[in-house]
2 protein chains.
Amino acid sequence: MTYENLDAKLVNALLGDGRASLRSLAEELDVSVTTVSNHLSDLEEEGVIEGYTPRLDYDAVGYDVTAVIQLQVEGNALPDITDTLRDHRQMISVYEVTGDYDVIAIGKFKDTDGMNDQIKELLTDPDIKASNTSVVLNAVSENEQFELDVEDT
Amino acid sequence: MTYENLDAKLVNALLGDGRASLRSLAEELDVSVTTVSNHLSDLEEEGVIEGYTPRLDYDAVGYDVTAVIQLQVEGNALPDITDTLRDHRQMISVYEVTGDYDVIAIGKFKDTDGMNDQIKELLTDPDIKASNTSVVLNAVSENEQFELDVEDT
DNA sequence: TACAGTTGATGACGTACGAAAATCTCGATG
DNA sequence: CATCGAGATTTTCGTACGTCATCAACTGTA
């Protein structure tokens, strides 16, 4: 195993509270502060932990509409399209995928008008052969990060 | 005005570093530590900030496959299906949507075999009328949280 | 040898609290 | 009717105190 049990527990503890102090983590995991500090540094260096962010409720700040946009794209234009999408800051996730469509993107908008405007603008690109937009009625769960397995000894 | 502005700046600063200290935030925004503390508490109480998490690279811990699963569901079974999906911890996001399908879910798996097993298990539910799975070839961006608008005076 | 823990020293950190400043409220006044 | 201003409310600030993170040198252990 590339990462140890303690690392998994550490990650899981941080998933519960990303601003927890090293001391509280040390107490929770029953190891020393030094150990927590060392392992955390390692996890960050290895890239397992890429950073820390607040979890925002975009609904609460006026972004009420979420949409899933699927695109069929001319093969050689795929990089351009994905770059364009990524640079739209309201695009939360952009995936190149197998299946009926080539790209699936998830975006957040202040209202349906704003959404329509942005999507229409995107679809002017002649390399987009087909598109399909699904508006989210209810986000049952969103961007949930699940806990890592801890093999108990 | 000034009030909302400070909150937006505060959120944006935290998006840059979710573990930034109140002092460093205070310095960056040129207000006192107390002010940062108060506004942060308010943002948390209002639900704008729902918590703090590390951003995990699931690739780095062995979850190499991401899939977008779309389902057509018998109308009255929708709550059951979404509950089931949400309770699958590997489901990152579960949306009820308009369009050809009723549910779009995004999940992460250790390998394609694991993915197939889980999806097949899901599809045994007789209330699922149709399904469509797209495997992610490349996550151009994922769970990006964009910064809030700051109206400059 | 490699990893975890301990100790101690130092500067940074979070929070509580009272004071100061800014803002709002609303009736009185010209 | 518009303006004023005393008092109330809200917001911000500085200070103080106990806690925390970090580093280094050292010990224990498998």
(message) Under a 3.5 Å threshold, yes or no: a donor from one side chain and an acceptor from the other, between B/Y58 and B/Q90?
(response) no
Is a side-chain donor or acceptor of [X] paired with a backbone partner of [Y] at a separation under 3.5 angstrom?
X: A/R55; Y: B/T53; value: no
X: B/Y101; Y: A/S134; value: no
X: B/S37; Y: B/V33; value: no
X: B/Q72; Y: B/D100; value: yes
X: A/N12; Y: A/L148; value: yes

(request) Treat primed atoms plus P, OP1 and OP2 as sugar-phosphate and everything else as base, then score nucleotides 14-25 of chain D 5' to 3': B for base contact with protein heavy atoms under 4.0 Å, S for sugar-phosphate contact only, - for none. (result) B-----SBB---
What is the distance, to the nearest angstrom, from the [atom1] atom on [X] to the [atom2] atom on [N]?
X: B/L6; N: D/dT10; atom1: CG; atom2: P; result: 18 Å
X: B/N38; N: D/dT9; atom1: CG; atom2: C1'; result: 15 Å
X: B/D30; N: D/dT12; atom1: CG; atom2: C1'; result: 13 Å
X: A/N5; N: C/dA4; atom1: CG; atom2: P; result: 12 Å
X: B/D42; N: C/dT15; atom1: CG; atom2: P; result: 13 Å
X: B/E27; N: D/dT12; atom1: CD; atom2: P; result: 18 Å
X: B/L40; N: C/dG14; atom1: CG; atom2: P; result: 10 Å

(request) Compare side-chain N and O positions of A/H39 against OP1 and OP2 of C/dC3 and report whether any pair is under 4.0 Å apart. (result) no
